[in-house]
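Read the structure below first, then the notes.
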Amino acid sequence: MARDHGFLAATALLALANGFFNPLLAPQAMAAVILLAPQPVAALPQALMFLAIVLGALLTLVAGGVPAALYERALGRQPGDRGTALVWLCATAVLSLPAIAMVGRLLLR
């Protein structure tokens with residue numbers, strides 16, 4: 001079970017990196033936050049950026065969890081199985097490829 005927590009922590013870190021660095025997700029997340037945020041929050045650019053990053057990370061976690069849930073359901077596994085956590089990590093990694101490429105470009109400058 002301790003290894004499952006490592007997979008879940010890695011999944012959360014990948015999703016956060018995707019929310020922060022993904023060039024494809026940032027404009028859509030920012031537009032959603034501007035439309036959904038109350039007026040006092042929308043007046044602060046720092047709050048808008050923070051909420052857009054958090055929204056992007058949450059969307060990555062949810063979208064990465066769909067293949068994991070389908071895998072768990074199709075094979076009749078128990079919730080929280082190690083294989084399910086690994087599928088979730090792999091799906092999140094695939095969704096985070098544009099963010100990983102962006103980090104690579106920033107580091108290689």
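Count residues from 1 along the sequence.
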Nearest heavy atoms of G64 and A91, plus distance in Å: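 Looking at all heavy atoms of both residues, the shortest contact is O-CB, 3.5 Å.
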Minimum-distance pair of heavy atoms, taken over all atoms of P67 and A63: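 P67 and A63 have their closest heavy atoms at CD-O, 3.2 Å.
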Hydrophobic cluster partners of L13 (side-chain heavy atoms under 4.5 Å):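 Answer for L13: none, a lone residue.
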For Y71, the rest of its hydrophobic cluster, which grows through side-chain links under 4.5 angstrom: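 Joined to Y71, directly or through intermediates: L75, V87.
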Atom pair CD/OG1 of E72 and T84 - distance to nearest 0.5 Å: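 Spacing of CD (E72) from OG1 (T84) equals 4.0 Å.
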List, one per line, each side-chain donor-acceptor pair under 3.5 Å for residues 51-61, sequence neighbours excluded.
unit_1	atom_1	unit_2	atom_2	d
T60	OG1	N18	ND2	2.6
T60	OG1	G56	O	2.8

Cluster check L16, L107: I/L/V/M/F/W/Y, side chain < 4.5 angstrom: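 L16 clusters together with L107.
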Below 3.5 Å, can you tabulate the donor-acceptor pairs from side chains in residues 92-104 to any protein atom, sequence neighbours excluded?
unit_1	atom_1	unit_2	atom_2	d
T92	OG1	W88	O	2.8
S96	OG	L14	O	3.4
S96	OG	T92	O	2.8

Non-neighbouring partners of R105 that pass salt bridge (charged side-chain N to carboxylate O under 4.0 Å, His left out), sequence neighbours left out: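 Residues passing salt bridge (charged side-chain N to carboxylate O under 4.0 Å, His left out) with R105: none at all.
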